[in-house]
Amino acid sequence: MPEADAVALTETDLKRLASLARLRLESSELVVLKDQLGGVLDLVDQLQAVDTRGVEPLAHALDLELPLREDVVTEVNRREQFQSMSPQVESGLYLVPKVIE
Amino acid sequence: MDLLNTSLRQLAAALRERRISSRELASAYLDRIDGLDSRLNAFITVDPERTLKQADLADERLSQGRGEALTGIPIAHKDIFCTQGWLTTCGSKMLSNFVAPYDAHVIEKFAAAGALILGKTNMDEFAMGSSNETSFYGPVKNPWDLRKVPGGSSGGSAAAVAARLAPAATATDTGGSIRQPAALCGVSGIKPTYGLVSRYGMIAYASSLDQGGVIAPGAEDLALVLNTMVGFDARDATSIGRPAEDYTALLGQPLRGLRIGLPREYFSTGVSADVSRAIEESLAEYKRLGAVLVEVTLPHSALSVPVYYVLAPAEASSNLARYDGVRYGWRAARYGDLTDMYERTRAEGFGPEVKRRILTGTYVLSRGYYDAYYLQAQRVRRLISNDFKEAFARCDVIMGPASPTVAFNLGEKTSDPVQMYLSDIFTISVNLAGLPGLSIPAGFGSGGLPVGLQLIGNHFNEGRLLQVAHQYQQATDWHRRVPSLDRTGETA
């Protein structure tokens with residue numbers, strides 16, 4: 001487990017995060033974001049000091065039993081309606097820039 | 001009909017007895033919105049024609065004697081709930097062209113009950129914010145002082161109810177987004193136990209914390225709306241199936257012997273003097289009503305903000321990955337390859353706060369940091385939840401301030417995210433533990449701005465919480481106070 005003093009976020013780190021999150025950041029945004037994210041990471045770093053040995057992680061507040069349903073189709077086909085909301089559709093297909101030459 | 005001072009129960013009775021028609025009622029609220037909302041910006045979408053069409057259907061039903069508790073009542077919905085055929089933006093440019101193709105479960109339930117959609121209320125973008133300033137549609141103004149924030153993220157719902165532009169409004173609460181704006185706007189708001197209200201069609205922010213609820217003037221109004229809103233839904237994997245409960249059932253019972261737990265941590269540091277004074281006075285009122293005050297402790301409560309700002313951004317970064325400009329929503333006008341299209345679409349479609357949370361979430365989930373941040377936060381989440389379990393062994397309800405201060409100035413905290421995040425210091429732990437929480441008006445602090453008293457109950461104790469709130473509201477009239485917006489023009 002790396003030490004979480006990675007709070008000193010560099011512009012390179014930030015660019016990598018932005019790329020992972022598929023967010024284009026302008027260079028003017030980088031400076032402000034670096035400071036603001038640094039502040040947020042300082043805040044969350046308080047957690048490192050807490051002794052949680054033997055504590056089970058809590059994913060959901062209530063111990064929920066996941067219900068099962070009948071294995072039958074419940075969705076109706078609304079393909080045309082859904083596709084009508086897309087920025088670009090042709091012949092029933094969603095169009096995006098070419099990914100394979 | 002005096003819209004400023006009529007409860008939901010009274011409105012429903014007037015409708016059933018045909019003393020007023022649903023069309024008249026809806027028109028009266030639509031007129032108020034038309035006259036006042038240009039100053040508040042509480043609504044993103046109002047569509048009088050559609051609302052009045054629903055009113056006519058409700059009138060038909062009422063005339064046949066088939067009216068239920070909410071038949072003919074106009075209800076405003078936070079713009080996070082999908083409403084078929086209505087623009088549903090979630091306060092974001094990303095969804096600024098999104099007309100929902102289906103209804104949220106909650107909307108289906110209101111429709112079945114014969115309630116009307118009065119409009120869609122403004123909110124922080126994707127429910128990320130504590131002041132309503134992150135909305136693509138501009139900030140909502142606090143009806144008590146137009147220079148102040150209404151709180152967030154359900155600021156539009158809270159401001160609309162406070163100004164009596166709606167008799168009730170739906171809202172959602174991930175870290176305080178119902179209770180904090182209710183407090184700052186001087187109205188009542190309840191976030192039920194996690195899982196009681198279906199998340200189907202409620203646009204996701206942080207799924208393990210998101211919960212739908214209601215904002216209305218008084219606790220009795222909340223109970224009536226909750227009766228319709230709560231219910232199992234197989235389309236939400238965390239929906240809880242429980243026998244239907246009448247949340248109005250306990251309202252009239254006295255509070256003698258009620259044990260109110262006061263967490264030491266909520267009364268020590270960081271609460272402004274005016275808020276402390278109002279809270280002390282409301283606790284004194286509870287003592288007069290027969291309650292007993294017990295000191296309890298929630299030792300990990302200060303860690304709730306850091307836990308939240310790991311878990312919520314982590315879940316958000318995953319939930320918001322769906323906005324890619326391919327199937328619906330915003331797409332950049334100009335782009336090169338596919339990655340460029342994604343990156344430009346998301347850069348244009350999301351505002352700064354959403355970007356910050358996506359990046360924070362991406363960071364804490366990235367390889368090498370997952371254990372240190374995400375798992376550690378989930379472990380501390382259990383410690384926070386355990387604190388409540390121990391506290392509820394000693395008391396029936398926990399009370400404290402809903403917000404450390406009254407409403408702050410527009411623009412005051414926008415440049416400092418961490419300061420903004422600390423606005424929710426008293427509300428976040430309730431979401432982490434999945435508990436029901438309520439905020440009720442408890443007097444006024446500096447500048448004549450409302451103070452909210454927070455009531456926290458054990459899981460599924462909504463009925464009890466509403467009783468505790470209602471009994472206080474029988475002895476006080478803070479929840480009936482209305483800002484003087486329409487009398488003086490500007491309140492500021």
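Side-chain atoms are counted along with the backbone in the values below, which use heavy atoms only and exclude waters and symmetry mates. Proteins come first, then strands; the chains are lettered A, B, ... in the order of their sequence lines, and each starts at number 1.
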Original post:
At a heavy-atom separation under 4.5 Å, does V40(A) approach chain B through its side chain, its backbone, both, or neither?
Top reply: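 V40(A) touches chain B through backbone and side-chain heavy atoms alike.
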Subject >> Interface moiety of Q81(A) toward chain B, non-hydrogen atoms closer than 4.5 Å >> reply: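 Contact with chain B is through the side chain of Q81(A) alone.
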Original post:
Does any non-hydrogen side-chain atom of R24(A) lie less than 4.5 Å from one of D340(B)?
Top reply: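 A side-chain contact exists here, since the closest heavy-atom pair is under 4.5 Å.
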Original post:
Heavy atoms, side chains only, cut-off 4.5 Å: are D42(A) and V418(B) in contact?
Top reply: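 No; the side chains remain at least 4.5 Å from each other.
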To the nearest 0.5 Å, how far apart are [atom1] in [X] and [atom2] in [Y]?
X       : Y       : atom1 : atom2 : result
R381(B) : L47(A)  : CZ    : CG    : 13.0 Å
L338(B) : K98(A)  : CG    : NZ    : 13.5 Å
T360(B) : L41(A)  : OG1   : CG    : 6.0 Å
R367(B) : L20(A)  : CZ    : CG    : 10.5 Å
L33(A)  : R356(B) : CG    : CZ    : 7.0 Å

Original post:
Can you list the steps and then say if V99(B) with M85(A) is a side chain to side chain contact (heavy atoms under 4.5 Å, CB included)?
Top reply: CA-CA 8 Å; V99(B) 175; M85(A) 304 165 64; 5.8 Å; no
What part of [X] lies closer than 4.5 angstrom to a heavy atom of chain A: side chain, backbone, both or neither?
X       : answer
A234(B) : neither
S317(B) : neither
L311(B) : neither
Y374(B) : neither
T193(B) : side chain
P101(B) : both

Original post:
Between L23(A) and T362(B), is a side chain to side chain contact (heavy atoms under 4.5 Å, CB included) present by the stated rule, with each step listed?
Top reply: CA-CA 11 Å; L23(A) 275 175; T362(B) 306; over 6 Å; no
**OP:** Work out which heavy atom in L375(B) is nearest to a heavy atom in P57(A); give both atom names and the distance.
**Re:** CD2-CG, 3.8 Å
**OP:** Let me see the working for D13(A) and Y363(B) under side chain to side chain contact (heavy atoms under 4.5 Å, CB included), right down to the final yes or no.
**Re:** CA-CA 9 Å; D13(A) 296 334; Y363(B) 181 87; 5.9 Å; no
**OP:** Take R327(B) and F82(A) through the side chain to side chain contact (heavy atoms under 4.5 Å, CB included) test and state the conclusion after the steps.
**Re:** CA-CA 8 Å; R327(B) 290 149 302 164; F82(A) 292 154; over 6 Å; no
